Number of protein chains: 2
Amino acid sequence: MSKNGIKEVAKRANVSIATVSRVLNGSAVVSEETKQRVAAVIDELNYMPHAIGRALVTHKTNLLGVILPDVHSEFFSELIRGIDQAARERSYHIIVSSTHSNKKEIESMLNVMQGGHVDGLIIMSPHISAEGVLKRLSLLSNLVFVNSYTNGAKFVSVSIDNFNGAYQMVEHLIGHGYDRIAIIKGEESNFDARERFNGYLQALKKNRIHRIPELEIGGNFTEESGYEGMMKILKLKTKPSALFCANDSMALGALRAMHEKDIIVPGEIALAGFDDVPSARYVLPALTSVHVPIYEMGTIAVKHLLDGVKAMDGMKGIKKVLTTSIVIRESCGCSLKSDEEVSEMA
Amino acid sequence: MSKNGIKEVAKRANVSIATVSRVLNGSAVVSEETKQRVAAVIDELNYMPHAIGRALVTHKTNLLGVILPDVHSEFFSELIRGIDQAARERSYHIIVSSTHSNKKEIESMLNVMQGGHVDGLIIMSPHISAEGVLKRLSLLSNLVFVNSYTNGAKFVSVSIDNFNGAYQMVEHLIGHGYDRIAIIKGEESNFDARERFNGYLQALKKNRIHRIPELEIGGNFTEESGYEGMMKILKLKTKPSALFCANDSMALGALRAMHEKDIIVPGEIALAGFDDVPSARYVLPALTSVHVPIYEMGTIAVKHLLDGVKAMDGMKGIKKVLTTSIVIRESCGCSLKSDEEVSEMA
DNA sequence: AACGGCAATGTAAACGTTTACATCACCGTT
DNA sequence: AACGGTGATGTAAACGTTTACATTGCCGTT
């Protein structure tokens with residue numbers, strides 16, 4: 001129960017605290033003999049340097065702040081995995097906080113994180129633009145945005161190619177011959193959602209298919225909203241031949257609605273989602289979706305934050321966009337295709 | 001870009017730093033006039049107290065450490081949600097770290113966390129007993145175990161009732177009339193897995209059903225191991241009439257295997273899992289599973305850690321066990337009586 | 001013999017706060 | 001008029017480290 005600190009170690013080893021600090025950090029030459037003696041005492045006392053005291057003088061905490069909205073948990077946890085992995089490789093740890101996309105919460109978080117507790121910050125803020133977040137932020141550096149709308153060019157951001165993911169998927173559907181392709185969108189305020197919708201529109205345009213307003217349904221990325229969106233669609237006089245959902249949760253909801261109404265997927269209506277969540281593999285029919293490299297996004301964000309600090313101290317800004325890839329399963333109708341071809345030939 | 005700190009504030013407001021500190025914390029009487037003046041300067045400078053400096057003297061960081069294995073991410077993220085929510089209500093933030101169940105990693109984490117960075121620790125360590133973890137741990141207090149094997153009675157722990165969850169589920173299967181009930185287990189070293197297996201055994205015993213060794217398959221809580229386990233089962237001469245998997249991931253894997261081999265679930269083999277992950281709702285047939293209150297487990301752990309500190313300074317120890325409930329869906333065969341037959345798409 | 005250089009270690013300031021204690025002015029008692 | 005109490009504020013030590021600078025002793029040169 002005795003006092004335990006660098007002073008105690010110093011006393012017992014008959015050296016000054018400076019020397020103890022030196023052997024602790026290997027920061028200067030210490031004679032082999034003293035080194036041994038100090039190490040022995042450290043071991044004996046089970047002494048651990050006090051991180052706070054150290055941080056006060058070094059201005060380094062080896063902690064990284066991560067601010068996330070709490071939505072879709074599969075995405076969230078995968079991102080954390082990536083961040084944590086990359087962080088620990090550099091012997092950093094992470095402080096996570098979810099903001100529920102509440103602007104005030106974000107500011108409060110930023111404050112906490114400012115107080116010197118973290119050496120850097122990774123922010124994912126799909127609803128609020130980088131500039132909005134940065135209003136009160138003085139530490140323009142040591143900040144990386146993930147999947148957020150960074151309008152000014154002066155930020156570092158890592159995001160996925162929502163636009164092309166959606167574009168390619170819709171083109172794939174068009175390739176199947178579907179001409180009435182519905183979409184269940186995300187919220188207007190959500191950055192990802194907007195981009196994905198744009199990809200959808202562009203694919204239609206490139207293929208000279210006109211937009212049909214009644215096939216553009218609102219949603220909010222929840223399973224529930226997918227279910228409800230589908231129900232709306234099923235009330236239309238002419239139904240679409242395919243449906244693209246702006247994320248997998250909504251696609252799952254839509255699928256549930258179709259099962260209930262005995263719509264055969266993809267026979268009557270083909271379906272595709274976005275995110276490639278684990279569940280996509282297990283539903284029936286397995287869901288065709290756009291794969292996004294979430295884990296990599298996390299590791300890259302950390303890399304930018306910790307490794308690239310020196311490289312970009314100017315106000316250039318870096319914008320890294322990760323490519324997506326479509327993964328074909330059953331729900332888009334690909335397994336039917338060969339049948340059709342066969343029958344056509346016959 | 002001028003210096004910015006409590007000193008600067010003090011200077012501009014023509015008071016001592018002590019007074020600034022006092023208005024910051026409301027810790028002592030300050031005249032209304034001074035209070036206003038200081039507040040104005042703080043606002044003008046956009047001053048934020050430096051958390052590290054403060055922590056050094058108060059010995060409080062308002063940070064909570066959370067150590068988790070990285071396995072099954074749905075569980076993981078839900079637990080974090082609960083912890084984070086409860087923490088922020090008490091204006092705490094959390095430091096998360098996953099250990100990959102590596103004993104050395106755990107120790108390293110404990111060290112980091114010891115250094116004064118956190119005010120308390122929540123540990124989930126299904127593979128290593130509390131005493132093992134605590135070897136080098138001096139701060140017996142401010143420590144809560146989640147879903148871990150705390151053999152000594154001197155710890156605070158929160159866990160779920162694995163035994164009874166499994167017991168009830170297997171009894172439910174028996175109630176259906178199934179007599180050959182297979183199990184895909186988790187790893188022997190995993191606490192949850194052991195308890196769930198014990199529940200299975202006990203249910204059989206109570207109902208005078210003999211264990212059949214070839215129906216007790218090893219697994220490791222991954223989807224893959226469920227798939228492989230099922231493949232083993234399907235090679236048996238006499239197949240089981242039902243399968244209980246020690247977690248949902250494995251059940252999902254088993255389901256995939258059965259789909260591939262055109263086994264009808266639950267017609268030919270009924271299926272039940274454990275954890276009630278979100279995906280359980282969306283697979284076909286929807287998976288019957290044991291619901292565990294993960295989120296609540298997180299909030300309760302925090303509650304114990306932060307609210308109950310005074311209550312238990314002795315070495316009594318607290319052991320809170322949260323009850324589980326079985327949620328019946330289609331995979332166990334409950335809907336077979338009147339529901340429409342599973343349409344075949346072969 | 002005096003000195004410069006070097007290796008090993010000690011001294012003390014600094015980091016940004018909080019807080020026990022001291023100080024001070026003022027006011028009401030006696 | 002002297003005093004004690006009180007409310008407002010200042011002073012300085014403390015928290016546990018790191019590190020620039022100072023000190024010491026020794027050795028090899030000249």
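Every value quoted in this text rests on a predicted model; they were computed, and no experiment measured them. Chain letters run A, B, ... following the sequence lines, proteins first and then strands; every chain starts at 1.
For B:Arg54, a side-chain nitrogen or oxygen approaches OP1 or OP2 of C:dT18 to under 4.0 Å. For D:dG16, neither phosphate oxygen OP1 nor OP2 lies less than 4.0 angstrom from any side-chain nitrogen or oxygen of A:Tyr47. In this structure, A:Thr19 reaches the C:dG10 phosphate: one of its side-chain N or O atoms is under 4.0 Å from OP1 or OP2.
The listed nucleotides are C:dT18, C:dA12, D:dC15; the one nearest the side chain of B:Ser21 is C:dT18. Distance from the side chain of A:His50 is smallest for D:dG16 among the nucleotides D:dG16, C:dT19, D:dT18. Between D:dT17, D:dC15, D:dA12, one nucleotide has an atom nearer to the side chain of B:Ile17 than all others, and that is D:dA12.
The interatomic distance linking B:Leu24 (CG) with C:dG16 (P) rounds to 15 Å, in whole Å. The NE2 atom of B:His59 sits 12 Å away from the C1' atom of C:dT17 (whole-angstrom rounding). One interatomic measurement links the two molecules: CD1 of B:Ile42 to P of C:dT17, which rounds to 10 Å at whole-angstrom precision. The nearest whole Å value for the distance from the CG atom in A:Asn62 to the C1' atom in D:dT17 is 15 Å. In this structure, A:Asn14 places its CG atom 15 Å from C1' of C:dA8, rounding to the nearest Å. The distance from atom CG of B:Asn25 to atom P of C:dT19 is 7 Å, rounded to the nearest whole Å. Rounded to whole Å, atom C1' of C:dC15 lies 16 Å from atom NZ of A:Lys60. As a whole-Å value, the separation of B:Leu56 CG from D:dA13 C1' is 13 Å.
Comparing B:Thr58 and A:Arg22 along DNA chain D, the residue whose closest nucleotide (by nearest heavy atom) sits nearer the 5' end is B:Thr58. Projected onto DNA chain C by closest heavy-atom contact, B:Ala18 and A:Gly53 fall at different nucleotides, the more 5' of which corresponds to A:Gly53.
Under the 4.5 Å side-chain criterion, counting only non-hydrogen atoms from C-beta, B:Arg88 is in contact with A:Ser97.
Looking only at distances, no side-chain donor or acceptor of B:Asp119 sits under 3.5 Å from a matching main-chain atom of B:Leu64. With hydrogens and angles disregarded, no donor-acceptor distance shorter than 3.5 Å links the side chain of B:Thr299 to the backbone of B:Ala86.
The stretch residues 27-37 of chain B has no heavy atom under 4.0 angstrom from DNA chain C at all.
Across all their heavy atoms, A:His117 and A:Leu63 have their closest contact at O-CB, 3.5 Å. Taking all atoms of both residues into account, the shortest heavy-atom contact from B:Leu322 to B:Ile300 is CD2-CD1, 3.6 Å. Considering every non-hydrogen atom in both A:Pro293 and A:Ile160, the closest pair reads CD-CG2, 4.1 Å.
Note on A:Ile52: nothing from the nucleic acid sits closer than 4.0 angstrom, heavy atoms only.
Within 6.0 Å of atom NZ in A:Lys60, more than 12 heavy atoms from other residues, nucleotides or ligands are found, so the atom counts as buried in its surroundings.
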